[in-house]
Amino acid sequence: MPELPEVETVVRDLRLSLVGRRLTGIRTSSRPLRVKWSPDWEPCLVGRQVSTIRRRGKWILIDLAPTGLFVIHLGMTGQLTVVSRAKPAENHVHLEVDLDDGVDLLRYRDIRRFGSAVYYADESAWSDGRVEDLGPEPFDLTPRYFREMLAATSRCLKAILLDQRAVAGVGNIYADESLFAARLDPRGRGCDLKPRRAERLRTAIAAVLKRAIESRGATIKDFVGGSGLKGGYQNEFTVYGRTGQPCRSCGRPIECMRLAGRSTHWCPNCQDE
DNA sequence: ACAGGATCCTGGGGGC
DNA sequence: TGCCCCCAGGATCCTG
């Protein structure tokens with residue numbers, strides 16, 4: 001579920017409540033996440049202190065001191081929050097980490113269990129793993145990289161934006177929203193995109209994501225930030241989930257088609273290039 | 001290289 | 001009210 005803006009929101013929230021805290025205890029559910037929990041990780045986590053929290057694509061990286069890296073992916077329905085120990089656990093809670101203030105805990109809840117929480121000795125152990133190579137962050141895309149990456153593939157724009165190797169962090173919502181903002185047909189091929197239009201797409205992606213982060217991401221059903229607050233960007237969607245509703249630009253109905261295996265929302269009238 | 005499908009899961013909504 | 005089918009923000013594996 002969560003894409004870059006939602007993961008960034010969680011990371012920013014957790015920085016406030018988690019950095020500097022020592023982990024004092026861990027409880028896990030018996031039901032496995034995408035990666036099964038290893039009991040070997042527990043002694044690696046307990047007693048260590050959270051030094052920094054970072055985001056890479058849709059991955060949450062929690063750096064530990066003196067060593068260690070705790071990597072969490074929210075999958076489709078993951079919720080990572082710091083809550084009071086007094087708050088009763090909802091269903092589908094799969095991981096709880098006690099904090100050294102004796103009051104709060106870090107809680108991971110995930111209805112569909114597509115997410116993961118894995119300990120690694122260091123960052124190379126994570127990046128060298130079966131995780132496919134992540135592309136650049138959307139805010140770090142250079143015009144040249146983006147132009148050449150597009151020119152090298154005959155895949156359609158929608159499929160390219162969803163590919164984490166091309167750009168890290170964009171998912172179905174923000175792919176559709178970015179293509180509308182750039183007024184580009186999601187079916188267009190990367191190698192057919194003229195440089196001016198490639199540049200339009202590059203800046204549209206950054207602008208859409210920046211605006212979504214400012215709104216604390218989008219909550220369709222399950223997403224909450226690290227403090228439990230919902231996002232607000234769903235109120236600004238131009239095409240995603242608006243099938244049949246009037247385009248905010250031209251008034252004609254938004255359409256939905258299947259592309260790269262995903263629902264793709266667009267305005268055939270406005271996205272004509 | 002790439003498209004398409006299936007898989008891992010649960011829950012919600014629509015149709016009947 | 002219930003049942004069945006389809007759908008969902010992701011990553012990954014497999015086939016053709």
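Worth saying up front: this structure is predicted, and the values here are computed from it rather than measured. Chain A is the first sequence line, chain B the second, and so forth, proteins listed ahead of strands; every chain is numbered from 1.
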**Message:** Side chains of A:Pro186 and A:Gln271, heavy atoms from C-beta outward: is any pair under 4.5 Å?
**Reply:** yes

Distances under 3.5 Å between nitrogen or oxygen atoms of protein and nucleotides 11-13 of chain B:
residue, atom, partner, partner atom, Å
B:dG11, OP1, A:His92, NE2, 2.7

**Prompt:** What is the distance from NZ of A:Lys158 to C1' of B:dG4, rounded to the nearest Å?
**Reply:** 15 Å

**Asked** So, is A:Arg34 near the phosphate of B:dC9, with a side-chain N or O under 4.0 Å from OP1 or OP2?
**Response** no

**Prompt:** When we call it a touch if two heavy atoms are under 4.0 Å apart, what does A:Arg189 touch: a base, just sugar-phosphate, or nothing?
**Reply:** nothing

**Request:** Can you tell me the distance, in whole Å, between the CH2 atom of A:Trp59 and the P atom of C:dA11?
**Result:** 7 Å

**Prompt:** Using a cut-off of less than 4.0 Å, is there contact between a side-chain N or O of A:Gln164 and OP1 or OP2 of C:dA11?
**Reply:** yes

**Message:** I need the OH-P distance between A:Tyr240 and C:dC7, as an integer number of Å.
**Reply:** 13 Å

**Check ion pair A:Glu6-A:Lys58 (N to O, under 4.0 angstrom)** = no

**Message:** How long is the straight-line distance from OG1 of A:Thr264 back to NZ of A:Lys158, given to the nearest 0.5 Å?
**Reply:** 3.0 Å

**Request:** Hey, can you tell me if A:His92 and A:His94 have their rings parallel, tilted or perpendicular (30° and 60° cut-offs)?
**Result:** tilted

**Request:** Check the distance between B:dA6's P and A:Phe114's CZ and give it to me in whole angstrom.
**Result:** 15 Å

**Asked** Are any side-chain N or O atoms of A:Arg48 and backbone N or O atoms of A:Cys44, one a donor and one an acceptor, separated by less than 3.5 Å?
**Response** yes

**Asked** Considering only side-chain heavy atoms of A:Ser263, which listed nucleotide, C:dA8, C:dA11, B:dC2, is closest?
**Response** C:dA8

**Request:** Evaluate whether atom CZ of A:Arg27 has more than 12 neighbouring non-hydrogen atoms of other residues, nucleotides or ligands under 6.0 angstrom away.
**Result:** yes

**Prompt:** Looking at B:dC9, does its base get a donor-acceptor pair with the side chain of A:Arg113 below 3.5 Å?
**Reply:** no

**Prompt:** P atom, C:dC3 versus B:dC9: distance in rounded Å?
**Reply:** 23 Å

**Request:** Select one nucleotide: of C:dG9, C:dA11, C:dA8, the one nearest the side-chain heavy atoms of A:His73.
**Result:** C:dA11

**Message:** Distance check, P atoms only: B:dG11 and C:dA11, in whole angstrom units.
**Reply:** 22 Å

**Any donor-acceptor N/O pair under 3.5 Å between B:dA3 base and A:Arg155 side chain** = no

**Request:** State which of C:dG9, B:dC2, B:dT10 makes the closest approach to the side chain of A:Thr153.
**Result:** B:dC2

**Request:** Can you tell me, in whole Å, how much space there is between the C1' of C:dG9 and that of B:dC2?
**Result:** 24 Å

**Asked** Could you spell out the base pairing of DNA chain C in dot-bracket, with Watson-Crick or G-U pairs whose two distances are under 3.5 Å, [ ] crossing and | to another strand?
**Response** .|||||||.|||||||

**Request:** Could you tell me whether A:Gly171 contacts a base, only the sugar-phosphate backbone, or nothing, with contacts defined as non-hydrogen atoms closer than 4.0 Å?
**Result:** sugar-phosphate

**Asked** Could you give the distance from CD (A:Glu8) to CG (A:Asp13), rounded to the nearest 0.5 Å?
**Response** 10.0 Å

**Message:** To the closest 0.5 Å, what do you measure between CG (A:Leu74) and CD1 (A:Ile72)?
**Reply:** 7.5 Å

**Prompt:** Going by the salt bridge (charged side-chain N to carboxylate O under 4.0 Å, His left out) test, which pairs reach into residues 103-118 of chain A, not counting sequence neighbours?
**Reply:** A:Arg21-A:Asp104, A:Glu90-A:Arg107, A:Glu96-A:Arg107

**Asked** A:Leu259 has an atom CG; how far is it from atom P of B:dA3, in whole Å?
**Response** 9 Å

**Nearest-0.5 Å distance, OG1 of residue A:Thr52 to CD1 of residue A:Ile62** = 9.5 Å

**Item:** Under 4.0 angstrom between A:Arg262 side-chain N/O and B:dG4 OP1 or OP2
**Value:** no

**Asked** Just checking A:Cys256: base, sugar-phosphate only, or nothing, at a heavy-atom cut-off of under 4.0 Å?
**Response** nothing

**Request:** Kindly indicate, with the supporting measurements, whether the criterion salt bridge (Lys or Arg N to Asp or Glu O under 4.0 Å) is fulfilled by A:Lys194 and A:Glu273.
**Result:** CA-CA 10 Å; A:Lys194 300 281 188 292; A:Glu273 293 183 12; over 6 Å; no

**Request:** Give the rounded distance in Å between these two atoms: CG of A:Asp222 and P of C:dG10.
**Result:** 13 Å

**Fill in**
Whole-Å distance, A:Leu162 CG to B:dC2 C1', equals 14 Å

**Prompt:** Roughly how many Å is it from CG in A:Leu33 to P in B:dT10, rounded to a whole number?
**Reply:** 12 Å

